[in-house]
Participant: 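Provided herewith is a single structure, encoded as structure tokens, for subsequent inquiry.
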Amino acid sequence: MPQPVTALQRQYVERLHQRLCEQGAAPRAILDAFLRLPRHRFIDALIVPESDQPGAAELAVAVGPDAADPDLLDRVYTDSALSIQIRQGRCTSSTSQPSLMAMMMADVGLGPGARVLEIGTASGWNAALMSELCGPEGEVVTVEFDAELAERAREHLESEGLGGRVSVVTGDGVLGWPAGAPYDAVIVTVSCPDLPRAWLEQLADGGRLVMPFGLPDESSPMLLLTRRGDGWEGAFLRWSWFVFVRGGGLRPWPAPLDPAGDPDLAALLRREPVCVKIPVGTADRWSPGAASFGLHLLAAGTPGLATVLLATHEARRQVCYALHEPAAGGLAALCDDELRGYGNPGCLERLRDRFGEWTRLGYPWMEDYRVSVHPPGLPAAPLALRRPETTLDLELPENRQRR
Ligand SMILES: C[S@@+](CC[C@H](N)C(=O)[O-])C[C@H]1O[C@@H](n2cnc3c(N)ncnc32)[C@H](O)[C@@H]1O
């Protein structure tokens with residue numbers, strides 16, 4: 001039997017539930033599962049920086065079923081992703097943002113009797129919530145790469161009385177889990193730079209897959225696909241950020257150019273840039289317009305397209321899309337709300353041409369595209385994300401409202 005929640009813990013559980021209901025994150029049946037499975041019971045420890053200083057050491061703060069400190073409960077019951085594992089300075093596991101988890105469950109239409117495959121177990125909280133929704137007649141299989149996390153998740157699920165209903169597999173989720181296929185839903189909770197064939201093939205006809213599709217600028221638009229026979233079609237739903245997939249199963253995008261390790265590039269970037277404001281951006285690179293122009297650059301197969309680490313408005317180094325033409329001595333980048341050209345002005349001209357092309361299409365945002373998937377090697381649509389495992393064709397519906 002799970003340990004009962006204290007009156008104080010209950011206050012925080014209900015506060016988060018109320019916020020999710022107010023946001024309308026998902027149908028009530030999904031959100032009510034958050035009341036029955038409190039988040040703190042799945043988190044052994046949160047990993048937090050010791051201070052606000054850049055480069056501060058990380059501290060593990062114990063949580064668990066006995067958590068009684070109001071500040072700690074306040075942190076646990078915010079609508080944010082929380083880090084539970086750091087390796088070599090990078091977050092390698094977290095418990096996802098509650099509203100996003102609820103949205104993903106709604107995206108695939110989870111309900112009683114569903115058979116679900118989750119990729120990325122972490123604490124096991126999401127698997128527990130999904131099992132609650134699928135009920136005893138449903139089934140949840142969840143795959144975790146890290147053996148220690150998988151073991152802890154099994155313990156959490158066991159103490160909630162869900163050990164018999166959720167199978168935690170230790171392994172590389174890129175392979176899916178063929179023994180449990182076909183699945184009505186595949187929910188991927190780790191950012192992947194490609195779409196493994198295994199997930200598509202293990203989906204039942206009519207089944208749905210939702211995943212954060214990891215782009216080279218480190219954003220992960222959420223992709224929802226439905227299987228119809230041997231075809232998979234859907235759309236991007238929203239921008240998201242997830243920890244990156246581990247293991248060698250998927251080929252990553254090329255690493256960003258880094259002036260710190262490249263004296264020629266550093267010299268080019270020290271030159272005064274020519275800046276052109278773009279009407280769709282804000283001083284935030286994740287503005288839907290600027291980020292969608294980035295997606296267009298990538299899908300249009302732009303020659304010389306790369307990513308580069310640049311100091312942007314907040315003087316933080318960020319990964320930005322760029323046209324890099326080292327032989328011509330030029331680089332032009334998409335930074336927040338502007339296009340910046342360094343060196344040879346032809347580079348900035350070519351980036352502006354691409355912006356003009358995107359404008360003529362009517363400023364399509366990520367959510368405007370209809371996405372269909374086919375194996376690589378077949379002819380792709382004019383706009384396509386070409387990856388080794390699959391090609392995603394992006395097409396604009398005829399009747400799309402122009403912005
Ligand atoms: C954002 S966390 C998952 C959150 C989780 N579903 C929850 O309940 O909130 C991502 C997890 O994916 C795991 N992971 C990374 N690469 C993986 C792979 N190739 N196969 C399976 N799991 C993987 C990480 O170890 C990490 O625990």
Side-chain angles (χ1 to χ4, degrees), residues 16 20 25 30 33-34 37-47 63 76-88 90-105 107-108 110 116-133 140-157 160 162 166-178 180 185-199 202 210-214 218 220 222 240-252 389:
L16 176 63
L20 298 179
I30 292 180
F34 286 75
L37 290 158
R39 193 184 202 186
H40 68 271
R41 290 207 296 237
F42 288 82
I43 305 175
D44 301 319
L46 287 181
I47 313 294
V63 186
V76 168
Y77 286 98
T78 52
D79 184 25
S80 328
L82 301 170
S83 176
I84 60 170
Q85 187 185 65
I86 303 267
R87 295 279 183 266
Q88 284 145 7
R90 264 186 101 95
C91 175
T92 44
S93 187
S94 61
T95 114
S96 305
Q97 184 180 3
S99 56
L100 196 52
M101 290 162 60
M103 285 182 214
M104 290 170 80
M105 290 183 232
D107 294 338
V108 294
L110 275 200
V116 187
L117 172 66
E118 182 193 41
I119 310 300
T121 316
S123 69
W125 188 39
N126 196 41
L129 291 162
M130 294 195 296
S131 171
E132 180 76 10
L133 290 168
V140 176
V141 178
T142 176
V143 189
E144 173 55 53
F145 189 78
D146 183 298
E148 196 182 312
L149 288 172
E151 193 46 41
R152 295 297 299 133
R154 280 187 201 102
E155 288 167 19
H156 297 147
L157 290 158
E160 298 296 322
L162 295 170
V166 181
S167 310
V168 181
V169 176
T170 307
D172 189 346
V174 166
L175 305 172
W177 185 245
V186 176
I187 292 201
V188 183
T189 62
V190 62
S191 173
C192 293
D194 203 343
L195 181 47
R197 299 294 299 172
W199 300 345
Q202 290 170 28
V210 68
M211 70 173 287
F213 194 92
E218 296 181 353
S220 304
M222 189 66 73
S240 73
W241 291 266
F242 273 80
V243 302
F244 204 72
V245 68
R246 293 196 253 185
L250 293 176
R251 194 184 306 166
E389 290 254 337

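Atoms within a ligand are numbered from 1 in the order they appear, just like the ligands themselves. Throughout, numbering of the chain's residues begins at 1 and tracks the sequence.
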Participant: Evaluating non-hydrogen atoms only, which member of Ser94, Ala81, Cys91, Gly120 is closest to atom 2 (S) of ligand 1?
Facilitator: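 Minimum heavy-atom distance to atom 2 (S) of ligand 1 goes to Ser94.
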
Participant: Should you measure from each heavy atom of Ala122, which atoms of ligand 1 turn up under 4.0 Å away?
Facilitator: 2 (S), 3 (C), 4 (C), 5 (C), 27 (O)

Participant: Enumerate the atoms of ligand 1 whose separation from the nearest heavy atom of Asp172 is less than 4.0 angstrom.
Facilitator: 18 (C), 19 (N), 20 (N)

Participant: Which heavy atom of Leu250 sits nearest a heavy atom of Pro193, and at what distance?
Facilitator: CD1-CD, 4.0 Å

Participant: For the side chain of Thr189 and the backbone of Gly120, is there at least one donor-acceptor N/O pair under 3.5 Å apart?
Facilitator: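 Checked: pair present.
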
Participant: As an exercise, identify every atom of ligand 1 less than 4.0 angstrom from a heavy atom of Val245.
Facilitator: 16 (N), 19 (N)

Participant: Taking the side chain from Trp125 and the backbone from Leu37, do they hold a donor-acceptor pair closer than 3.5 Å?
Facilitator: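 Yes; at least one donor-acceptor contact below 3.5 Å.
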
Participant: For ligand 1, indicate whether the residue Gln85 contacts it via side chain, backbone, both or neither (heavy-atom separation under 4.0 Å).
Facilitator: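 Neither; nothing of Gln85 gets under 4.0 Å from ligand 1.
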
Participant: Decide whether Arg246 and Ser93 meet the rule of one side-chain donor and one side-chain acceptor closer than 3.5 Å.
Facilitator: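 There is no such pair between these side chains.
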
Participant: Could you list which atoms of ligand 1 come closer than 4.0 Å to a heavy atom of Glu118?
Facilitator: 6 (N)

Participant: Does Arg251, at its CZ atom, have more than 12 non-hydrogen atoms belonging to other residues, nucleotides or ligands within less than 6.0 Å?
Facilitator: no

Participant: Can you measure from CG (Asp79) to CE (Met101) and round to the nearest 0.5 angstrom?
Facilitator: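 Reported value, rounded in 0.5 Å steps: 10.0 Å.
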
Participant: Does Gly171 come within less than 4.0 Å of ligand 1, judged by its heavy atoms?
Facilitator: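 Yes.
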
Participant: Can you name the atoms of ligand 1, numbered from 1 with element, that are less than 4.0 Å from a heavy atom of Val190?
Facilitator: 12 (O), 15 (C)

Participant: Counting only N and O atoms by type, is there a donor-acceptor contact under 3.5 Å from the side chain of Gln202 to the main-chain atoms of Leu175?
Facilitator: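 Checked: pair present.
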
Participant: Output the list of atoms in ligand 1 that are nearer than 4.0 Å to some heavy atom of Val243, sorted by atom number.
Facilitator: 1 (C), 10 (C)

Participant: Distance to 0.1 Å, residue and atom name: give those for the protein heavy atom nearest to atom 16 (N) of ligand 1.
Facilitator: Arg246 N, 2.8 Å

Participant: Is Glu144 reaching over with its side chain to a backbone N or O of Asp146, donor-acceptor style, under 3.5 angstrom?
Facilitator: yes

Participant: Closest non-hydrogen protein atom to atom 7 (C) of ligand 1, residue and atom name please, with distance?
Facilitator: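 Of every protein heavy atom, Asn126 CB, 3.7 Å lies nearest to atom 7 (C) of ligand 1.
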
Participant: For atom 20 (N) of ligand 1, which of the options Ser123, Gly173, Ser191 provides the nearest non-hydrogen atom?
Facilitator: Gly173

Participant: Hey, is the main chain of Thr78 close enough, under 3.5 Å, to the side chain of Arg39 for a donor-acceptor pair?
Facilitator: yes

Participant: Looking at Thr142, Thr170, Thr121, which one forms a side-chain hydrogen bond (donor to acceptor under 3.5 Å, both in side chains) with Arg154?
Facilitator: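 Running side-chain hydrogen bond (donor to acceptor under 3.5 Å, both in side chains) over Thr142, Thr170, Thr121 with Arg154 returns exactly one hit, Thr170.
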
Participant: Out of Trp125, Phe244, Phe42, Phe145, indicate the one that has the non-hydrogen atom closest to atom 22 (N) of ligand 1.
Facilitator: Phe145

Participant: Which protein heavy atom lies closest to atom 9 (O) of ligand 1, and at what distance to 0.1 Å?
Facilitator: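 That would be Ser96 N, 2.9 Å.
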
Participant: Should the proximity of Thr189 to ligand 1, defined as any heavy atom under 4.0 Å, be assigned to the side chain, the backbone, both, or neither?
Facilitator: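 Answer for Thr189: both.
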
Participant: Test of understanding: given a 4.0 Å heavy-atom threshold, classify the contact between Thr92 and ligand 1 as side chain, backbone, both, or neither.
Facilitator: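 Near ligand 1, Thr92 shows its backbone, while the atoms from C-beta on stay back.
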
